[in-house]
Amino acid sequence: MSLLAVEDVVTAYGKIEALKGVSLEVAEGTITCLLGPNGAGKTTLMMTIAGILKPRRGRVLLGGTDIAGQAPHAIVARGIALVPENRLVFPAMTVLENLQAGAFQRRDKAAVAEDVERMFTRFPRLKERHAQQAGTLSGGEQQMLAVARALMSRPRLLLMDEPSLGLAPLVVEEIFRIIAELHRDGTTIFLVEQNAHMALKVAQHFFLIEQGKVTFSGDPGALAEDEVIRRAYLGSAQQ
Amino acid sequence: MLADLVQNSLDGLAAGAAYALLALGFTLIFGVLRRANLSYGPAIMFGCYAAALTHQHFGAGLFMLALVTIAGAVLAGAYVERLCFAPHREGSAIAAMVASFALWMQFEELAALVLPGHLYAFPMLHEGAPLALGAFTFRIDALVLLAVAILVCASLWWMLYRSRFGLAVRAVIEQPTAASLAGINVPRVLVRVFALASAIGGVAGYLVVASNGQITPMLGMWATLKGLLAMMLGGLGSLPGAVLGGLALGLIEAHSQWYLGPQMRDLIAYLLLFVLLAARVPWMTSRSAS
Ligand SMILES: Nc1ncnc2c1ncn2[C@@H]1O[C@H](COP(=O)(O)OP(=O)(O)O)[C@@H](O)[C@H]1O
Ligand SMILES: [Mg+2]
């Protein structure tokens, strides 16, 4: 059974429907990727799964339980963590405090402290800068921090919304190396990306979304890469 | 000359301590909600009137009256939060502000109903002579005010920077969406911060009323104006700024009253705010811009 199943989800901003009946699945233990041009509704879907936006219709099943419309903190408690678009670190808080905020619902202090150490091992730059305000970090470091903060809640499912956005090519490679590592350690990842080339290298499955609808789904080999990339950047409407 | 300067500064600091408390409450609410609560002062007045009535009917002691004031301010604050801010969390900041103005009018009407005279006596914090130290005099109630303000600031600092709840509050102030995503129950934090801010306002209101020994229906407007002014002087949204803004306001008022006369007292403070806003000094534009 898939860990996450989105069924016929409609999410709207006022009268404008950004998601017009989206259905997709993320299998346990995979990296599943969502590709699509700007404005297709990728962020809207992530925000809907995480509970920040309420769907007008449809179901969001996590391990078979419908969580659609629940409050974000309740969804975190069920095991979903989102690394949001543009990272959204707490800029005036220290790196360490950002991590502690990520573990807000956990009462097991000793285990949280262990996880902080684990994050510092995985992201040595964060350790160096643990007492620094997060707003002073570089874009790449802030992205690492956003990922580490999300992991601090020990999620069953990690959602990532364009983690490579605005980063230098070397940093993008590092981010994808980390994504592959997290996957190898057993985390299920649902990844939104503009960088289709990189995403298809790590993903086991992908979906294409265009204008609020899933228009294609398959394994990375299912569609010629240049065709995927063309549709992911431009959408099929521009053919 | 120098003695006047020092004495005025002492008096100004005491008044400023009350302003600092008012501004702290105002800033906490503004920080988490990004909305100005015009009914902040009137809710404090509600608490003070509750205490004045309690005193009239039961003659309760000072400490009891302080508790009644704080409880009343928190209760009235909760009423304001439910009616003005809970429904407009995602919606218009202007709608919330206008709604809070409407409740201001409610509180003033209520005050006029329960205590129709303009001025009522309130038990004084301290009735004896002021403390003399060399050439200077210290009003005991002013010293109490300063001590309580320091205690409140220290507790608030501890709460914000050393407690789990404080981590949540700072997260909500800095980045509410990310706070939600981190698993923080943001609506619950908002309600609790509102209650905390109302309680701090209640402390300030009690100390001011008990220092003056009287209460009038002007208290609500006075508290909102002073709190707002001190918050803005300190740079919208910064807690240390609120404290500094409050103290600065107290000092400015005391000195302009002494050197320029009582009519100029309020004018100078507003003039200063205007100049600071027009000059776009960094601490007033950095946070309010976002
Ligand atoms: N806060 C908003 N208010 C109104 N419309 C929005 C808002 N956010 C996104 N949209 C619209 O919803 C659609 C999907 O946006 P989004 O989910 O951000 O796309 P993507 O992440 O794929 O670039 C776009 O047409 C966008 O203009
Ligand atoms: Mg997006």
Side-chain angles (χ1 to χ4, degrees), chain A residues 13-14 43 46-54 70-94 96-107 109 112 133-135 142 145-155 158-161, chain B residues 27-28 30-32 34 86-92 95 156-193 234-243 282-283 285-290:
Chain A
Y13 298 99
T43 297
M46 289 291 162
M47 291 298 215
T48 304
I49 297 170
I52 301 285
L53 297 172
K54 308 277 172 246
Q70 288 189 5
H73 64 92
I75 289 176
V76 171
R78 288 184 172 279
I80 294 183
L82 167 62
V83 183
E85 192 173 52
N86 299 319
R87 342 199 197 291
L88 307 187
V89 297
F90 302 115
M93 286 173 21
T94 65
L96 181 60
E97 286 172 333
N98 269 268
L99 295 180
Q100 286 163 344
F104 188 74
Q105 296 193 353
R106 293 173 55 187
R107 300 288 190 159
K109 273 192 176 169
V112 169
Q133 289 193 338
Q142 289 193 17
L145 179 57
V147 173
R149 181 182 61 187
L151 290 173
M152 286 303 294
S153 68
R154 293 207 168 164
L158 183 68
L159 309 176
M160 304 176 92
D161 194 349
Chain B
T27 303
L28 276 172
F30 185 81
V32 293
R34 297 274 139 204
H88 294 291
R89 216 150 259 164
E90 256 100 63
S92 155
L156 190 63
W157 183 90
W158 186 91
M159 187 223 66
L160 280 173
Y161 290 94
R162 290 288 177 271
S163 79
R164 198 174 112 88
F165 175 63
L167 186 71
V169 173
R170 285 186 292 141
V172 172
I173 289 176
E174 286 194 30
Q175 184 39 263
T177 302
S180 285
L181 292 174
I184 293 166
N185 185 343
V186 174
R188 192 157 81 190
V189 171
L190 296 184
V191 169
R192 289 182 181 178
V193 168
L236 225 54
S238 146
L239 291 168
V243 174
W283 81 86
T285 44
S286 58
R287 286 206 57 150
S288 47
S290 62

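Basis for what follows: all heavy atoms, side chains included, without hydrogens, waters or symmetry-related copies. Residue numbers start from 1 in every chain, and the chains themselves are labelled A, B, ... in the order their sequence lines are given, proteins ahead of strands.
The two residues F90(A) and E174(B) have their closest heavy-atom pair at C-OE1, 3.0 Å. Here the closest non-hydrogen pair linking G183(B) and F104(A) is O-CD2, 4.0 Å.
Contacts with chain B were tallied for A92(A), G51(A), A74(A); A92(A) has the most, counting heavy-atom pairs under 4.5 Å. Note on P84(A), P91(A), A50(A), A77(A): by heavy-atom pairs under 4.5 Å with chain B, the leading option is P91(A). Interface remark: of the candidates R106(A), M152(A), R149(A), Q105(A), Q105(A) forms the most heavy-atom pairs closer than 4.5 Å to chain B.
Residue V89(A) touches chain B through its backbone alone, counting heavy-atom pairs closer than 4.5 Å. With a 4.5 Å cut-off on non-hydrogen atoms, A81(A) does not touch chain B at all. Within the 4.5 angstrom heavy-atom criterion, only side-chain atoms of M47(A), from C-beta onward, approach chain B. Neither the backbone nor the side chain of A71(A) has a heavy atom closer than 4.5 Å to any heavy atom of chain B. Heavy-atom distances place the side chain of I52(A), and not its backbone, under 4.5 Å from chain B. Proximity to chain B (any heavy atom under 4.5 Å) is restricted, for R107(A), to the side chain, taken from C-beta onward.
To the nearest 0.5 angstrom, D161(A) atom CG is 10.5 Å from L181(B) atom CG. Rounded to the nearest 0.5 angstrom, L82(A) CG and S180(B) OG are separated by 11.0 Å.
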request  = Kindly indicate, with the supporting measurements, whether the criterion side-chain contact (heavy atoms from CB on, under 4.5 Å) is fulfilled by H73(A) and R188(B).
outcome  = CA-CA 11 Å; H73(A) 64 92; R188(B) 192 157 81 190; over 6 Å; no
